[in-house]
Structure formats: structure tokens, C-alpha cells
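Notes for the one structure printed next.
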There are 2 protein chains.
Amino acid sequence: MATIKDVAKQAGVSVATVSRVLNSNGYVNEDTKKKVEEAIDRLNYKPNAVARSLYKKTSKTIGLMVPDIVNPFFPELARAVEDTAHKLGYNVVFCNTDENVEKEEHYLEILLQKYVDGLIVASNTLTAEKVRQLNIPVVSIDRKINADIPTVVVKNKSGARKATGFLLEMGCKRIAHLSGPEHIDNAMERRTGYLEEVGSEPWFDSSYIEDGNYDMKTAINATLQLLGRHPEIDGIFAGNDVMAIGAIKAAHKFGKKVPEDLAIIGFDGISLAEATTPELTTVGQPIYDMGTIVADLLVKLIEKKAVENTFFEFDVELIERESTRKV
Amino acid sequence: MATIKDVAKQAGVSVATVSRVLNSNGYVNEDTKKKVEEAIDRLNYKPNAVARSLYKKTSKTIGLMVPDIVNPFFPELARAVEDTAHKLGYNVVFCNTDENVEKEEHYLEILLQKYVDGLIVASNTLTAEKVRQLNIPVVSIDRKINADIPTVVVKNKSGARKATGFLLEMGCKRIAHLSGPEHIDNAMERRTGYLEEVGSEPWFDSSYIEDGNYDMKTAINATLQLLGRHPEIDGIFAGNDVMAIGAIKAAHKFGKKVPEDLAIIGFDGISLAEATTPELTTVGQPIYDMGTIVADLLVKLIEKKAVENTFFEFDVELIERESTRKV
DNA sequence: AGTGTATGTGTAACCGGTTACACATACAAA
DNA sequence: TTTGTATGTGTAACCGGTTACACATACACT
């Protein structure tokens with residue numbers, strides 16, 4: 001690999017001059033510039049990003065930390081983040097924490113050591129204090145950490161009300177909720193929305209709520225529990241799409257037809273939700289837009305550009321498909 | 001952030017000595033070592049990875065380039081790669097190329113500039129020549145690039161024969177193939193396996209094969225084409241699971257019941273294949289093991305350790321579920 | 001002519017580590 | 001006593017960039 005010294009020698013100038021043409025910095029004579037550019041071409045020179053980072057203490061890289069790479073929501077988000085970051089001249093380092101605090105801390109350390117310029121996190125273990133200590137811009141996605149931290153989320157409660165209300169409209173009489181884990185704020189917001197719709201119905205009690213872990217396996221178990229306890233359940237609002245898919249599977253195991261015997265509605269709007277049979281009715285988040293906005297916001301913060309807004313709460317939209325159609 | 005100089009001052013030694021205790025290199029007196037370690041603790045010192053990289057020309061980082069982050073096969077693979085890499089002390093930079101040559105080249109450049117120590121790629125645009133020029137160890141996963149490049153794949157042809165043969169056994173009379181794109185070698189191998197099973201049947205002609213792009217959308221179209229052309233089709237072997245799911249959807253649109261009217265079988269064994277209704281019969285790849293093996297292999301190559309084998313061809317296993325059950 | 005400013009370029013310090021090399025000491029073997 | 005080797009530590013060069021600063025020249029304006 002050619003270095004800046006090689007280029008300088010080739011072009012017959014000093015390294016400072018080469019650096020100046022590389023960065024379009026300071027004054028450089030047109031002819032000199034041409035010579036340097038020729039040398040760069042001839043040697044196929046690429047500046048060394050590590051050396052540059054060391055001096056500038058930035059890396060043109062942002063970190064993206066997600067709790068579960070296998071939940072399609074996050075790859076879809078990652079793709080949007082990556083697309084946008086790229087357009088803005090940044091690279092993305094993708095980290096999967098598996099909701100594991102040690103892994104998260106390990107990554108944080110690594111990322112800092114590598115001078116990442118900013119961080120996008122979906123985490124419920126990260127505290128505001130830890131974020132502060134990082135000393136780089138951090139934006140929270142999908143989950144709220146703290147009012148001081150710029151955040152991109154959706155209207156979970158209102159989405160949950162839309163979902164539950166829709167089941168009610170479709171004539172469901174006993175609606176259960178497959179909740180996400182208690183330590184995740186968006187799960188609790190969705191649960192609250194559900195409760196606001198049916199919490200004061202005469203039939204309701206807390207045994208209509210069962211916790212899952214936002215994954216399919218726990219969702220299947222939880223659904224079987226629910227149906228075992230309350231065979232009269234004719235509607236389930238699941239805290240996310242992956243769990244809704246689990247619920248469909250569990251319903252089948254249990255001998256219930258979806259949507260005839262049991263209507264199921266999810267939350268997220270992952271593309272996989274269109275892939276199931278029956279296709280999943282769900283509360284769709286604008287995943288790609290959210291990824292675009294976070295990436296854009298983070299880069300603005302990194303570059304200390306003005307931001308008009310550091311809290312984005314997206315609207316959410318009910319997407320009616322087959323898992324709730326009452327025939 | 002404290003630097004090595006701060007630590008040296010605190011401990012009353014030179015930076016060289018600090019570096020020695022950091023790297024357990026050369027001779028250091030026990031007492032000195034203790035003093036240095038105390039200073040490190042007191043200052044909460046973390047060595048700067050960028051500075052280290054600059055001198056050592058390595059980064060303890062590997063790149064993982066995949067063509068489609070939204071196909072669950074790759075996140076599942078990524079997770080395994082990450083787990084293993086972590087255990088071995090490496091970080092993973094995850095890159096999504098979208099099968100786009102420019103994006104791929106861009107990433108390659110970036111990764112090189114950052115001194116990644118090695119690369120795992122799933123690509124059909126990367127040539128052996130380009131790989132050679134990178135001058136770092138590269139391992140190919142899921143696709144073969146060249147005999148000189150260490151590779152981890154599965155027995156595609158044999159898997160395809162298993163799939164097609166299974167449909168035959170189940171009594172299918174007209175079996176179509178939803179093929180992956182022609183420029184991807186594993187798609188062609190799978191097609192060959194299919195042809196070896198049914199290519200010389202009296203009914204067969206090439207109109208029983210339709211190309212998709214390994215994604216759901218193209219698979220739906222292709223399936224509708226196939227069924228429109230040959231309503232007598234009673235079995236489809238899809239080149240991957242995502243396409244098989246698309247085929248199920250298309251079959252429904254077309255008014256065919258799966259598996260009663262039409263048996264469908266996929267390839268990959270992504271966990272999503274269990275999530276559909278009916279659950280997808282598929283040819284399962286040992287995705288996690290493959291990820292473990294590639295990461296392990298790459299790290300061995302990076303560290304110039306002996307490797308007994310640079311070509312891994314995993315067996316593939318037919319997983320019978322519901323999309324092929326003949327009632 | 002004298003001064004100020006824009007233009008153009010090179011030298012060397014710096015970023016934060018690693019390590020070659022020099023030097024010192026202690027102790028064992030010859 | 002001499003020599004060799006293991007132990008222990010510091011100085012400074014180096015990795016490959018960026019940039020502060022110094023210096024030189026050209027030109028416009030008093």
C-alpha cells in the first residue's frame with residue numbers, strides 16, 4: 001500500500017501539500033494539485049483511515065446496537081440506517097447485544113476505542129449515566145432511555161389502542177394480550193394501550209395478559225397458556241409481529257382457526273408479516289423512515305449541525321390483512 | 001480519556017513499561033507491574049485501539065459481507081459468526097452489499113483502510129483476482145468464488161436432489177422449480193440437482209423452471225407464471241426458503257391449497273420457515289455451525305495457524321414439516 | 001517605498017500506542 | 001576474576017496521516 005510519503009515523492013512535493021489536496025484544505029497551486037492527483041492515480045493511493053482517525057479522533061463511523069439481530073425488525077431498520085449513513089459519508093458498525101449487558105458494555109468499550117463518532121442504540125439496559133460517560137452523540141431508537149437522549153420511537157400506546165380497538169370493532173368478545181417483556185418500555189406502553197381499551201370491560205382480569213420475550217418460542221408457550229386458561233379468547237393482540245406469528249402457530253396447535261375462531265393482530269409491520277398464511281394484520285411502524293431519521297439525526301448531532309427536533313414519535317398505522325378477517 | 005502517558009506518569013515508569021504490562025511482553029518486575037496495574041485501574045485507562053492498529057497494522061476486526069441483510073439466512077449466519085469471532089477476540093463489521101458491485105467495492109476499500117484482518121464474504125460479484133489484491137485472508141461462505149479461496153458451503157446439488165426426490169416420493173407428478181438467479185452458483189447447483197431428478201421425465205421441459213431473485217416478491221410472480229402455464233403442477237421445489245414462502249402465498253392467490261393441491265419445499269432452514277402456516281418443509285443447512293466454522297477458519301488463517309482443511313462442504317438435511325404432507 | 005493581504009509550500013510536532021536498542025544489574029558458570 | 005545470560009527499564013524511532021507555524025512571493029493600496 002502506498003503512503004502519503006510515496007505520493008509526495010512521486011509528485012515532488014511535501015506530504016503537507018499532498019494532505020492539502022486530499023482534504024481540499026488551504027492553498028494549493030492548480031499545477032501542483034494536478035501533479036499530486038496524477039501521483040495519487042499512478043500509485044493507486046488510498047489514505048489510511050486509521051492514521052487519520054488517530055489524529056482527528058473521529059472515524060466517520062457510527063455504531064448501531066440492536067438487541068436481537070434475528071428479529072427482522074432490526075435488519076430492516078439496519079438497512080435504512082446503513083443506506084442513509086452511507087449517503088452522508090459514514091460507515092455503520094452493526095452490533096448485536098442479545099439483550100446481554102456484558103456484551104453491550106464490551107461493544108461500547110470497543111466502539112469508543114475505535115473512535116466511533118456516534119451511536120444508535122436500541123437498548124433497555126443502557127442508562128442515561130452510561131450514555132453521558134460515552135461523550136459521543138447517542139440516539140435511542142425503538143426505546144426511550146431518558147428525556148435528555150435524542151430518541152426516535154413510535155406512538156406505542158396509540159398503536160396498541162388501534163389494534164385492540166380494531167379487534168373490538170371486528171366483534172371480538174374476549175381479547176387477550178401477548179405482552180413484551182416488562183423491562184422494555186415500548187412493551188409496557190403497548191400493554192397500557194391494550195388496558196385502556198379493555199381494562200374496564202366486565203370480563204377482563206389480568207389473566208388475559210401473558211408475557212413473552214418478543215420472540216417466537218416464548219410467544220407460542222404464552223399463547224398456549226392463554227388459550228388453556230381461557231378457551232373463550234377470540235382475539236389476541238401481540239406485542240410484536242414475531243410473537244403474533246408465534247400466536248398463529250400456537251392457535252393452530254390448539255386447534256383454533258385464524259381468523260375464524262381467533263383473530264390475531266401484531267405490531268411492527270415487518271415484511272415477514274406479509275409472508276405468513278394467513279397474512280398478519282398488524283400495526284405498522286414506518287421502519288425505513290425511522291432508520292432514515294435516526295441516522296440523519298445522529299449525523300447532524302455529530303457534525304454539530306442545528307437540529308430542530310430531538311424527539312421523533314412516529315405515527316403508526318393499522319394494516320388490515322387476513323389474520324383478523326371475520327368471515 | 002487517559003492515555004498511556006498518563007498511566008506512565010501515575011505509576012512513575014516509562015510508557016514502554018506500561019506497554020509491556022499491557023501486552024505481557026518482555027520483562028517487568030512484579031512490583032512495577034502492580035504499580036502500573038493500579039495506575040491503570042485508578043485512571044480507568046483503556047488502550048487506544050486506533051493507535052495500536054496504526055503501528056501493528058491489524059485491528060482485531062473481521063468484515064462480514066452479505067448480499068441481503070433482509071434475508072433471514074444472513075442474520076442467522078451473522079449471529080454465529082459474531083459469537084465465534086467474539087470468543088476468539090475479534091470484532092465483526094457487518095456489511096450489506098445488496099448485490100451491488102459498487103457498494104461492495106466501496107466496502108472493500110473502507111475495510112482495507114481500516115486494517116480489517118480478514119473477510120468473510122457471500123458474494124457472486126467478487127472475483128478471485130480482486131480477492132488476491134486485498135492481501136488479507138478471505139473466506140467465502142454460501143457461494144464458491146474460486147478453488148484457491150477457502151470456502152464453506154453445503155452440498156447444494158445433493159440437497160436439491162433430496163428435495164425433489166422427496167416430492168417424487170410423496171407422489172407429485174409435475175414438479176416445478178423456482179430457481180435462484182443464474183449468476184449465483186448455489187442456485188445453479190440446486191437447479192442441477194432438480195434436473196438430475198426430473199430432467200428426463202417424459203413430461204419435463206424447461207418451462208417448469210422459473211427464475212426468481214431469492215426474494216419473496218419475485219418468487220410470487222414466478223410462481224404465478226408457473227401455475228398459469230402449468231396448472232397441473234403439484235409440487236414446487238424453491239431455491240430458498242424465502243422464495244418457498246412466496247410460493248405458498250402465490251399458491252393461495254391462485255386458489256391452490258398447500259399441501260393438498262400443491263406441495264412446496266424450500267432450502268436453507270431459516271427459523272422463519274417454522275413460522276409459516278403450513279410450516280415449511282425444507283432442506284436445512286446447519287447455519288449456526290457454518291457460521292462457527294467460517295469464523296474459526298478465518299481467524300486461524302489470520303493468525304497463520306495450521307488449518308487442516310480449507311474447503312468445508314456441509315451435509316444438508318431434509319426437514320419434513322407441513323407444506324408437503326400428503327393427506 | 002512601505003505595508004498589508006492573499007497565495008503557496010515545507011518542516012516538524014502531534015495523535016497514542018509498540019518495540020528496537022541501549023544500558024544497568026544480578027547471579028551463575030568457568 | 002571474567003564472561004555470559006536473564007532480568008528490568010528507559011529513550012526514541014516508527015506507524016501514516018494532519019496541521020500549526022514559518023517563510024517566501026506576488027500584488028494592491030497608501
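Because the structure is a prediction, the values reported are computed rather than measured. Convention: sequence-line order gives letters A, B, ...; per-chain numbering from 1. Heavy-atom basis, side chains included; hydrogens, waters and symmetry copies ignored.
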Rounded to whole Å, the CD1-P distance (I4(A) to dT19(D)) equals 11 Å
Return the value, rounded to whole Å, for the distance between atom CG of L54(B) and atom P of dT18(D).
-> 12 Å
Rounded to whole angstroms, how far apart are OH on Y115(B) and P on dG16(C)?
-> 18 Å
Run the salt-bridge test on K300(B) and D296(B) with the 4.0 Å N-O cut-off and return the result as yes or no.
-> yes
Five-pair end axes of the helix from dA1(C)-dT30(D) to dA30(C)-dT1(D) and the angle they enclose, rounded to 10° = 50°
How many angstroms lie between SG in C95(A) and CZ in F94(B), if you round to the nearest 0.5 Å?
-> 11.5 Å
Taking atom CZ of R143(A) and atom OG1 of T151(A), what is their separation to the nearest 0.5 Å?
-> 13.0 Å
Distance, rounded to the nearest Å, where N48(B) contributes CG and dG16(C) contributes C1' = 6 Å
If you measure from the Lys or Arg side-chain nitrogens to the Asp or Glu carboxylate oxygens, is any gap between D98(A) and K103(A) under 4.0 Å?
-> yes
Value in whole Å for how far the P atom of dG16(C) lies from OH of Y55(A) = 11 Å
Taking only nitrogen or oxygen atoms into account, show me every contact under 3.5 Å that the protein makes with nucleotides 24-28 of chain C, one pair per line with its distance.
none

Write down the distance between NZ (K5(A)) and P (dA13(D)), rounded to a whole number of angstrom.
-> 13 Å
Sugar-phosphate only, base, or nothing, as touched by V50(B) at under 4.0 Å among non-hydrogen atoms | nothing
Around atom NZ of K9(A), are there more than 12 heavy atoms of other residues, nucleotides or ligands at under 6.0 Å?
-> no
Interatomic distance, CG@D68(B) vs CG@N100(B), rounded to 0.5 Å, equals 12.5 Å
NZ (K144(B)) with more than 12 external heavy atoms under 6.0 Å = yes
Atom CZ of F73(A) and atom CD1 of I141(A): how far apart are they, to the nearest 0.5 Å?
-> 6.5 Å
DNA chain C-proximal residues of residues 16-34 of chain A, any heavy atom under 4.0 Å | A16(A), T17(A), R20(A), Y27(A), V28(A), N29(A), T32(A)
Indicate whether any N or O donor in one side chain lies under 3.5 Å from an N or O acceptor in the other, for N91(B) and Y107(A).
-> no
Rounded to the nearest angstrom, tell me the gap between atom NZ in K56(B) and atom C1' in dG17(C).
-> 10 Å
Do other residues, nucleotides or ligands put more than 12 heavy atoms under 6.0 Å from the NZ atom of K33(B)?
-> no
If you measure from the Lys or Arg side-chain nitrogens to the Asp or Glu carboxylate oxygens, is any gap between R132(A) and E129(A) under 4.0 Å?
-> yes
Taking OP1 and OP2 of dG10(D), is either one under 4.0 Å from a side-chain nitrogen or oxygen of S14(B)?
-> yes
Between C1' of dG17(C) and NZ of K60(B), the distance in whole Å | 16 Å
